[in-house]
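Working notes, beginning with the structure itself.
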Amino acid sequence: EGKPLYIAGPNYVHSATSFMIERERGEILELRSETEPGSYYIAREGFEMDNADSLLSFGTRGTDLKLVLYRKNDRNLPVP
């Protein structure tokens with residue numbers, strides 16, 4: 001809470017899942033294809049996000065879809 005959180009795009013996050021997160025945070029989650037260092041992103045499992053740390057993997061109600069919370073690194077490191 002209080003940190004920038006977006007849905008990484010292009011991506012799919014069920015509307016009921018994003019609604020529950022939005023309700024808890026009190027703000028609408030934007031879909032972003034451009035990422036910003038220090039910001040947090042939700043993406044489906046298997047989504048590739050360069051220069052980001054995977055912090056948490058979680059399931060959703062009503063689907064078998066797994067989501068991952070990423071934090072974009074503060075600096076752009078070369079991709080191996």
Side-chain angles (χ1 to χ4, degrees):
E1 193 171 315
K3 308 267 185 186
L5 176 65
Y6 306 101
I7 297 172
N11 216 317
Y12 172 78
V13 174
H14 193 277
S15 59
T17 301
S18 63
F19 171 77
M20 288 187 284
I21 296 168
E22 291 166 345
R23 183 183 64 196
E24 290 298 315
R25 291 179 57 88
E27 61 187 23
I28 302 296
L29 296 179
E30 292 180 38
L31 180 66
R32 292 261 178 114
S33 57
E34 297 290 324
T35 58
E36 298 175 17
S39 294
Y40 293 82
Y41 297 86
I42 296 173
R44 72 177 178 277
E45 190 174 56
F47 184 81
E48 295 293 324
M49 183 173 284
D50 294 336
N51 301 319
D53 297 317
S54 171
L55 303 176
L56 174 72
S57 178
F58 58 99
T60 61
R61 289 189 204 187
T63 70
D64 293 332
L65 183 68
K66 297 274 190 208
L67 299 176
V68 179
L69 175 65
Y70 291 97
R71 182 180 182 278
K72 183 72 173 179
N73 293 322
D74 288 332
R75 62 188 182 287
N76 287 327
L77 303 172
V79 177

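Position 1 is the first residue of the sequence; numbering continues from there. Predicted model, so just to flag it, every value in this text is computed and none were measured.
Judged by distance alone, with hydrogens and angles left aside, the side-chain atoms of Tyr41 form a donor-acceptor pair with the main-chain N or O of Glu36 at under 3.5 Å. When atom types are taken as modelled, the side chain of Asn51 and the backbone of Asn73 share no donor-acceptor pair closer than 3.5 angstrom.
Note on Leu65 and Leu31: same hydrophobic cluster, where clusters join Ile, Leu, Val, Met, Phe, Trp and Tyr whose side-chain heavy atoms are under 4.5 Å apart, directly or indirectly. Cluster annotation: Ile7 is connected to Tyr12 through the hydrophobic network of ILVMFWY side chains, with a link wherever side-chain heavy atoms come within less than 4.5 Å. Hydrophobic clustering, with ILVMFWY side chains joined whenever heavy atoms are under 4.5 angstrom apart, keeps Val13 apart from Tyr6.
The two atoms that bring Phe47 and Gly9 nearest to each other are CZ-O, 4.0 Å, heavy atoms only. Lys3 approaches Arg25 most closely through the heavy-atom pair O-NH2, 2.5 Å.
The line from CD1 of Ile42 to OG1 of Thr17 is 9.0 Å long, rounded to the nearest 0.5 Å. To the nearest 0.5 Å, the span separating OH on Tyr40 from CG on Leu29 amounts to 14.5 Å. The CG atom of Leu69 sits 8.0 Å away from the OG atom of Ser54 when rounded to the nearest 0.5 Å. Interatomic distance, Arg44 CZ to Lys66 NZ, rounded to the nearest 0.5 Å: 15.5 Å. Annotation: the span from Phe19 atom CZ to Ile28 atom CD1 amounts to 9.0 Å, rounded to 0.5 Å. Put simply, CD on Glu45 and CZ on Phe58 are 11.0 Å apart, with the number rounded to the nearest 0.5 Å.
Among residues two or more places apart in sequence or in another chain, the side chain to side chain donor-acceptor pair (under 3.5 Å) test is passed with Thr35 by Lys72.
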